[in-house]
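Here it is, the structure in full.
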Number of protein chains: 2
Amino acid sequence: MTPSPVSDKRQHVVETAYVLFKRAGFHATGIDRIIAEADVAKMTMYRHFPSKDELIVEVLDYRAKRFDRQLDRLAQEGIPPEQKIGRIFDWHARWFRSPDFHGCLFAHALAEFGDPGHPVFKAVVRQKNGLKRCMRSILEEMMPRGRAESGAAALLMLIEGATLLAQMGQADAAIRDARKAAMGIVAASRKSQ
Amino acid sequence: MTPSPVSDKRQHVVETAYVLFKRAGFHATGIDRIIAEADVAKMTMYRHFPSKDELIVEVLDYRAKRFDRQLDRLAQEGIPPEQKIGRIFDWHARWFRSPDFHGCLFAHALAEFGDPGHPVFKAVVRQKNGLKRCMRSILEEMMPRGRAESGAAALLMLIEGATLLAQMGQADAAIRDARKAAMGIVAASRKSQ
DNA sequence: AAGTGGTGAGACAGGTCTGTCTCATGTCTA
DNA sequence: TAGACATGAGACAGACCTGTCTCACCACTT
């Protein structure tokens, strides 16, 4: 029996590559390492992905989809918007404390693939815009469009900065200060302009 | 005549490496590329730097020193603290608009060298802590120590996030929203807790 | 005039990189 | 039973990587 329509191995390679990329970076992680860790033949990998770059894009899109799903669950209907924002920060706090936290894979990808025309670069932009859009739609529940756009950008920047500080070993202080600043921004934007 | 006590070439290699690292990343930039661009023999490089990693640390420390000098000039005495913060954001706005802006080299270094024990990692932490310390000392002019520490962290996170967004092509909006959020944080922290 | 030290040029070693190719194997389907 | 197909194993090419080494050169000092 074919294990699954478009194969088991493909997804297994993606998940293995994800772990290795996260731990050691993209250029520093070789194809040989990936296929050894995934226990898969080289040709199996190259039959599913035309190149390493395409594999990287696949890994990023896969993680972005997972992240979006978790985000949707946090920001479900029937909860006041402040609480939704709070939950997003809670989620990040848990992430920062997880044993194999190594910073944001998308930010790392941007560092290694700085050419705006590169598919990896575009995948990163997609993910970050998605997160910003999510926060903007939350803020729009309590403030006009323009202010929600600025506020979402501010929240996104705080989160990205907190992720960086967390990677430098200041996770607890970072998430606490970012949350405080975020709540201040939301409260101020709600009241007036 | 010996050109300079510890040689001209050394600094020239550092500056050439800086440009290449900034443009293409650390792992993706080979030694051969650096010496070719610097027009220097390989042995000249290896006589000054024991390894590529040491060169990277040297490049980072060199840029950190330059950055600190510019920062000191911005935050000179006799200026109200709000204005000092404003100037730091102005400086970043100009940086984001500069033609060869490619994001923060230190953040990129963190992405490629995620091991906390690695010298490159430590060099990044030094630089970020320096920037945070600078902003904290500015905030301490107008608020107590504890609040200044949190506020400085928030400002640092906003700046790091803005730099990331700027690299994704949203420089103008990022710096505008980050500045607005920063001023709100400063004003709120000044008044009370 | 002899020596010293930084440098240039490039060969070289040993390893790793991505990506291609061949051939054998097993497994499901018609 | 026969064919189709994904896979395993690994050789292979060609490029690139870091780092070492030798030898010649040249400028300056003593």
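Residue numbers start from 1 in every chain, and the chains themselves are labelled A, B, ... in the order their sequence lines are given, proteins ahead of strands.
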Length of the line joining R10(A):CZ and dC5(D):P, which is rounded to integer Å: 19 Å
For the pair made of NZ in K52(A) and C1' in dC17(C), what is the distance, rounded to whole Å? 8 Å
Which listed nucleotide (dG8(C), dT18(D), dT18(C)) is nearest to the side chain of V40(B)? dG8(C)
For F49(B) and dT20(D), what is the distance between atoms CZ and C1' respectively, to the nearest whole Å? 18 Å
Does H48(A) have a side-chain nitrogen or oxygen under 4.0 Å from the phosphate oxygens OP1 or OP2 of dT7(D)? yes
Hey, are D172(A) and R97(A) close enough for a salt bridge, meaning a charged N less than 4.0 Å from a carboxylate O? yes
Residue that, paired with E58(B), satisfies salt bridge (charged side-chain N to carboxylate O under 4.0 Å, His left out) out of K52(B), R10(B), R63(B): R10(B)
Gap between atoms CD1 and P, on I34(B) and dG19(D) respectively (whole Å): 11 Å
Is the ring centre of F21(A) less than 6.0 Å from the ring centre of H102(A)? no
Would you mind telling me which of dC17(D), dG19(D), dT18(C) lies closest to the side-chain atoms of I31(A)? dT18(C)
Respond yes when some side-chain nitrogen or oxygen of T44(B) is under 4.0 Å from OP1 or OP2 of dT7(C), and no when none is. no
When you match D39(B) and F26(A) each to their closest nucleotide on DNA chain C, which lands nearer the 5' end? D39(B)
On DNA chain C, does the nearest nucleotide to R33(A) precede the nearest nucleotide to M43(A) from the 5' side, or the other way round? Give the residue. R33(A)
Taking atom C1' of dG8(D) as reference, at what distance in whole Å does atom CG of D8(A) sit? 16 Å
Quick check: any donor-acceptor pair below 3.5 Å linking the side-chain of K42(B) to the base of dG19(D)? yes
Going by heavy atoms in the side chains, are M142(A) and E82(A) under 4.5 Å from each other? yes
Measure NE2/H12(B) against P/dT7(C) and give the value in whole Å, please. 13 Å
Between R47(B) and S51(B), the residue closer to the 5' end of DNA chain D by nearest nucleotide is S51(B)
G86(B) backbone acceptor or donor facing R179(B) side chain under 3.5 Å: yes
Take the protein atom CD1 of I35(B) and the nucleotide atom P of dA11(C), then report the distance between them rounded to whole Å. 13 Å
Quick one: which of dG8(C), dC17(D), dG8(D) gets closest to the side chain of K9(A)? dG8(D)
Calculate the interatomic distance between E112(B) atom CD and dC17(D) atom C1'; express it in whole Å. 15 Å
